[in-house]
There are 2 protein chains.
Amino acid sequence: MSTSTPVGPAEAVLMASVARRFYVDGMSKSDIAQQLGMSRFKVARLIDRAIETGLVQIRIGWPGSLDVTLSTDLQERYGLRRALVIDVQDDQPEAQRTALGATAAELLSETVTTADVVGLAWGRSLAAMARSLRRMAACDVVQLTGALQISDDSDSSSVDLVRDVARLGGGAAYYFHIPMIVATGQLGDALRAQPEVARAISRFPAVTKAFVGIGAWYRGGSTVFDALATNEATDLGRAGVCAEISGILIDSSGRPVRVPLVRRTIGISADQLRAVPDVTALAYGADKAQAVAAALHSGLVHGLVTTRDLATALLARPH
Amino acid sequence: MSTSTPVGPAEAVLMASVARRFYVDGMSKSDIAQQLGMSRFKVARLIDRAIETGLVQIRIGWPGSLDVTLSTDLQERYGLRRALVIDVQDDQPEAQRTALGATAAELLSETVTTADVVGLAWGRSLAAMARSLRRMAACDVVQLTGALQISDDSDSSSVDLVRDVARLGGGAAYYFHIPMIVATGQLGDALRAQPEVARAISRFPAVTKAFVGIGAWYRGGSTVFDALATNEATDLGRAGVCAEISGILIDSSGRPVRVPLVRRTIGISADQLRAVPDVTALAYGADKAQAVAAALHSGLVHGLVTTRDLATALLARPH
DNA sequence: ACAGGGATCGCTCAAATGAGCGATCACGGC
DNA sequence: GCCGTGATCGCTCATTTGAGCGATCCCTGT
């Protein structure tokens with residue numbers, strides 16, 4: 001495998017000449033051999049050697065915002081159908097979220113067709129995605145969860161996320177203005193029975209492509225955590241809650257956690273989400289690595305759109 | 001040929017994944033297709049598209065001192081067997097010469113075997129080559145020309161160029177301490193008959209690999225020009241002399257010029273040099289472009305070791 | 001709803017390609 | 001000088017690969 005003979009300059013130039021014909025000009029090895037007066041086997045060996053010695057470097061990547069190497073690594077490591085790692089220099093959360101949203105929006109435009117039924121969860125990343133969305137197939141869009149007050153979000157124009165997205169393409173919108181977390185399970189049941197909520201829920205089984213956020217179970221890591229009283233949230237943490245996918249609470253191994261809060265949550269259930277054939281999660285910030293890893297292991301998520309730092313952190317995790 | 005559809009992020013990552021398997025892991029397209037659950041045709045198309053869109057960039061070149069792209073260009077343009085263009089940043093003639101010599105020395109080490117008989121001309125570049133030479137096959141080394149006073153060369157240790165090179169490998173050295181240009185043709189004939197000179201000349205037909213310098217016909221461009229009286233040199237210029245290869249005078253189209261000076265020159269003749277199966281010339285400095293072009297067109301030279309600026313100038317010439 | 005146009009996809013077959021094998025050549029030790 | 005050793009080279013054949021073609025799918029305009 002190692003270089004048996006040090007490469008002399010004459011051989012280097014010959015290799016370069018052959019490699020250029022082969023890779024750049026797209027010539028066949030036989031033609032190159034004929035043209036240069038050598039056997040095609042020698043051509044093949046020169047090309048192999050050119051790659052071995054690093055004279056020919058094959059760079060896979062883009063000057064653009066997508067780190068395709070990390071993307072494929074992540075994809076293979078976690079068995080994902082799809083992973084998009086954006087290469088954003090700015091480490092301001094705001095900038096990261098905007099870039100993430102833009103990429104997710106492109107993904108949405110690219111993959112969603114009129115035959116699809118899109119499900120959208122709630123969250124700042126999703127709002128950023130909607131804001132960047134320019135092109136959209138004419139398909140139905142279903143709200144997957146209730147809304148939550150977003151603490152630090154100044155522009156609250158994103159209340160009508162589902163409606164806006166659906167309007168862009170011209171499809172039907174299934175949305176409701178109901179909080180995600182309510183005081184009691186009973187109230188939850190009652191709200192689920194509300195016509196507009198029931199209408200959206202009835203469409204959950206039809207959803208073909210869902211876009212969700214992933215929250216980490218600490219202050220500021222999840223809008224669900226922040227929406228709860230501090231002691232309640234920490235109690236849930238002690239009960240094993242590690243992350244939250246579109247309001248679905250999971251433990252560190254990715255299993256849904258059965259707690260009374262589930263009944264108080266208005267939104268898609270673990271089983272219902274599992275039935276969605278294509279779920280893409282949005283997440284950013286290296287702090288969330290553990291939570292996102294749990295989410296990816298849950299089997300609920302098929303794709304991930306994330307940032308470089310989080311992707312690196314995910315790949316750095318053991319096993 | 002142009003990109004029909006803008007590349008979406010999901011497709012980009014898929015292309016990257018496929019490209020990595022193909023180019024980096026060296027997998028067969030069929031295997032990739034099987035592994036990713038698609039047809040091998042789709043794999044092929046994805047790879048083609050990855051190259052088209054620039055996602056996969058194949059870079060041929062070296063971080064080192066050799067510009068292989070220019071080398072092959074030059075090689076093809078002038079029909080050379082071999083062209084080595086060194087990528088030296090420093091534009092000091094001294095630095096250029098040293099780098100040139102080092103590369104030529106590597107070339108010598110690489111290509112010369114014990115079966116060869118090496119012929120060496122005279123010049124600063126050749127001296128630099130000898131200085132950098134570390135490894136050398138045990139073969140005979142023949143001096144091709146007499147020596148000339150080198151005006152600006154402080155270290156005159158290079159008088160024994162041939163002997164030093166031969167000694168490094170352990171082969172026989174055929175050398176003589178005779179000036180290259182003498183006062184009269186008669187004196188030239190007499191010196192050629194000197195035993196040590198005749199001994200070297202008798203080996204000229206056996207030379208298999210010669211290394212020569214190329215001089216341009218203006219002050220400072222050639223040690224031969226500088227060795228002559230000014231009016232004599234300019235007269236020769238008017239007579240059509242454009243360049244000088246190892247003391248052989250040629251015109252701008254590369255044809256040897258028949259002038260009385262030839263008889264006054266102690267060194268290999270045009271016909272004798274033409275009989276050498278492999279002649280490598282060393283040259284640097286963009287000013288010499290015309291002279292080097294003439295030398296390359298003469299058919300006396302099969303290989304060139306040069307610098308980036310001269311190579312660029314050579315490629316910029318019409319036709 | 002439906003037909004036209006365009007892009008995509010997979011198949012066939014011929015050409016290109018690479019692993020393995022024996023022949024040749026250069027080198028080094030006896 | 002002679003033979004063992006190792007590297008290089010070219011050949012054969014099974015596998016891989018690419019151009020062309022028809023079928024299908026998707027989109028769009030009427």
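Sequence lines set the chain letters: A, B, ... in the order given, protein chains first and strands last, and positions in each chain run from 1.
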Colleague: Looking at C:dC9, I'd like to know if its phosphate oxygens (OP1 or OP2) sit under 4.0 Å from a side-chain N or O belonging to B:K42.
Modeller: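 True: B:K42 side-chain N/O within range (under 4.0 Å) of C:dC9 OP1/OP2.
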Colleague: Starting at atom CG of B:D48, determine the distance to atom P of D:dG20, rounded to an integer number of angstrom.
Modeller: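 Nearest whole value for this atom pair: 13 Å.
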Colleague: Starting at atom CE of B:M27, determine the distance to atom C1' of C:dT17, rounded to an integer number of angstrom.
Modeller: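 Taking CE of B:M27 and C1' of C:dT17, I get 17 Å after rounding.
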Colleague: Between A:S39 and B:A44, name the one whose nearest nucleotide on DNA chain D is closer to the 5' end.
Modeller: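 In this pair, the answer is A:S39.
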Colleague: The side chain of A:S28 lies closest to which of these nucleotides: D:dT16, C:dT17, C:dC11?
Modeller: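 Of D:dT16, C:dT17, C:dC11, C:dT17 is nearest to the side chain of A:S28.
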Colleague: Is a donor from one side chain sitting under 3.5 angstrom from an acceptor on the other, for B:R20 and A:T69?
Modeller: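 No.
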Colleague: I want to verify a distance call: between D:dT17, C:dT17, D:dC11, whose nearest atom is closest to the B:S30 side chain?
Modeller: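 My answer, after comparing the listed nucleotides, is D:dT17.
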Colleague: Checking A:D116 against A:K209 for the salt bridge (charged side-chain N to carboxylate O under 4.0 Å, His left out) test, could you report, in this order, the C-alpha distance in whole Å, the side-chain angles of both residues, the deciding distance, and whether it holds?
Modeller: CA-CA 7 Å; A:D116 281 312; A:K209 293 201 168 75; 2.8 Å; yes
Colleague: Under 4.0 Å between a side-chain N or O of A:K29 and OP1 or OP2 of C:dG18?
Modeller: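 Yes, within the criterion.
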Colleague: Got more than 12 heavy atoms from elsewhere within 6.0 Å of CD, A:Q34?
Modeller: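 Open: at most 12 neighbouring heavy atoms sit under 6.0 Å from CD of A:Q34.
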Colleague: Is there a side-chain contact between A:L126 and A:L161 in this structure, where contact means two heavy atoms from C-beta onward sitting under 4.5 Å apart?
Modeller: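 They are in side-chain contact.
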Colleague: Would you mind reading off the distance between B:L14 atom CG and C:dT8 atom P, rounded to a whole angstrom?
Modeller: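 Whole-Å distance recorded here is 14 Å.
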Colleague: When you check the phosphate oxygens OP1 and OP2 of C:dA26, does a side-chain N or O of B:T114 lie under 4.0 Å from one of them?
Modeller: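 For C:dA26, neither OP1 nor OP2 has a side-chain N or O of B:T114 closer than 4.0 Å.
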Colleague: When you get a sec, tell me which of C:dT12, D:dT16, C:dT17 is the closest nucleotide to the side chain of A:R40?
Modeller: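 The answer is C:dT17.
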Colleague: Hey, which sits more toward the 5' end of DNA chain D by its nearest nucleotide, A:T113 or B:F22?
Modeller: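 Looking at the nearest nucleotide for each, B:F22 comes out on the 5' side.
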Colleague: Is the base of C:dG10 touched by the side chain of B:R45 through a donor-acceptor pair closer than 3.5 angstrom?
Modeller: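 Side chain to base: pair found, below 3.5 Å.
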Colleague: Between B:Y23 (OH) and D:dT17 (P), how many Å, whole number?
Modeller: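 Those two atoms, OH and P, are 11 Å apart.
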Colleague: Please report the distance, rounded to the nearest Å, between CG in B:L46 and P in C:dC9.
Modeller: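 In whole Å, C:dC9 P lies 8 Å from B:L46 CG.
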Colleague: Let me know the distance between CG of B:L36 and C1' of C:dG10, rounded to the nearest Å.
Modeller: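 So the CG-C1' distance, B:L36 to C:dG10, works out to 17 Å.
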Colleague: Rounded to the nearest 0.5 Å, how far does CG of A:L46 lie from CG of A:L55?
Modeller: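 The distance works out to 10.5 Å.
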Colleague: In whole angstrom, give the distance that lies between atom CZ of A:R49 and atom P of D:dT8.
Modeller: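 Between P of D:dT8 and CZ of A:R49: 8 Å.
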Colleague: Tell me the interatomic distance from A:F41, atom CZ, to D:dC13, atom P, rounded to whole angstroms.
Modeller: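 Rounded to the whole Å, the gap is 12 Å.
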